[in-house]
Amino acid sequence: MSKGQAEIKTFFRSRLLAWYKHHGRLLPWRETTDPYRIWISEIMLQQTRVDTVIPYYKRFLKRFPDVFALARAPLQDVLKTWENLGYYSRARHLHAAAGIIVGRFGGRIPDTPEDIRTLPGIGDYTAGAILSIAYGRAVPAVDGNVRRILSRVFAIDRPVNDPRGQKHFFELAASLVPGKRASDFNQALMDLGATICRAKNPDCGVCPLASICLARRGGLQNDLPVSRKSPAIPHRQAVAAVVRNGKGLLLVVQRQAEGLLASLWKLPGGFVQDDENREAGLRRCVKEELGLSIRVGKKIASADHAYTHFRVTLHVYQGFPLSGKPTARGCQDWRWAAAADLKKLPLSRIDRMAVALVEISPVRFP
Ligand code: SF4
């Protein structure tokens, strides 16, 4: 490294840390040094905005105040507490990791990169964030925000979303993390990316790094970072049936333990295949899931939702059983549920919307 580069890196660190001292955000997980709480916050913050996370974080810790309480709890309780926060694999991973932390690490969140990376749900970024914030280890925590800042300050036009580009940004970040105050440094980068060096229209006029930022000097703020084009996101069609028994109870099923939205509850149904219409798809899905033949009635409504890798439109129909009794064939479990039961079961956002639609479906199973 040349003398000039070393000076720029020293300046980067000192300006960022000085800025953070006065402008760092006050967040609930910054009021603690408890590694358990920091771990929970970092998992919740994956793919989710700070404002959304705060109430979930508080509620989760009230319900599961330490790793032992989390490890002891049934998965269904954890999923229920997580309901509507999305990316439910995070909740399942937290629950599984809590069991490992209690069983293998005596209840202490691991403090080395090797050990912490053995836990489900912990990648490079989350490992770096927990190790630096909870234990002060001088390791980087590099996410999209950090890559954006580094790409701009150092005018790096390597794609931020390909493995070679990401390796480059990780190594650069590792060379910047100070031996002391790694926690403040990583959190300062998070805050700078969230509040000033935003994806669109960065607020360079108040940025602590403005005097060394090459993107600012060259007017490239809105051209960096560079991303490799992602393929178009597919749009899938899904169907669900509103089936009631003679008492007016609603038929609901629990998803399989693996796969999309695993172990959450929903109306019977599934994805439509390319070569079938929606009614045929719904009959097939209910048969595969529950061994039940149904006649498909009127469409009640539809709802849209976007996941990371695809978008879905869920079409909800009335369903009338023709033959067979519900049996858990392609699901973990099923039940006839009253409105009060539905409130207690964990459902994904789109399934909760679909269930809300049943209020307008008075159709009964004769
Ligand atoms: S000067 Fe502007 S582009 Fe450069 S790091 Fe600061 S906010 Fe980002």
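Counting convention: from 1, in listed order, for ligands and their atoms alike.
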Phe310 six-ring face occupied by Arg236 cation (under 6.0 Å, within 45°): yes
Side chains of Ser293 and Lys287: do they bring a donor and an acceptor to under 3.5 Å? yes
Answer yes or no: does atom CZ of Arg13 have more than 12 heavy-atom neighbours from other residues, nucleotides or ligands under 6.0 Å? yes
Salt-bridge test for Arg255 and Asp333: reply yes if a basic N is under 4.0 Å from a carboxylate O, no otherwise. no
For atom 1 (S) of ligand 1, state which one of Pro208, Ala215, Gly193, Cys213 supplies the nearest heavy atom. Cys213
Number the atoms of ligand 1 from 1 as they appear, then name those within less than 4.0 Å of a heavy atom of Gln221, with their elements. 3 (S)
Within a 6.0 Å radius of atom NZ on Lys58, are there more than 12 heavy atoms belonging to other residues, nucleotides or ligands? no
For atom 7 (S) of ligand 1, the option (of Ala155, Cys207, Ser151, Ala210) bearing the nearest heavy atom: Cys207
Can you tell me if, anywhere in Cys204, an N/O/S atom lies at a distance from atom 4 (Fe) of ligand 1 that is smaller than 2.8 Å? no
Taking only heavy atoms of Pro202 into account, list the atoms of ligand 1 that are under 4.0 Å away from them. 7 (S)
Run the numbers for me: atoms of ligand 1, each under 4.0 Å from some heavy atom of Cys197, listed by number. 5 (S), 7 (S), 8 (Fe)
Regarding Arg63 and the six-membered ring of Phe60, is the cationic atom NZ or CZ under 6.0 Å from the ring centre and inside 45° of its axis? no
Ligand 1 contact by Val153, heavy-atom criterion under 4.0 angstrom: yes
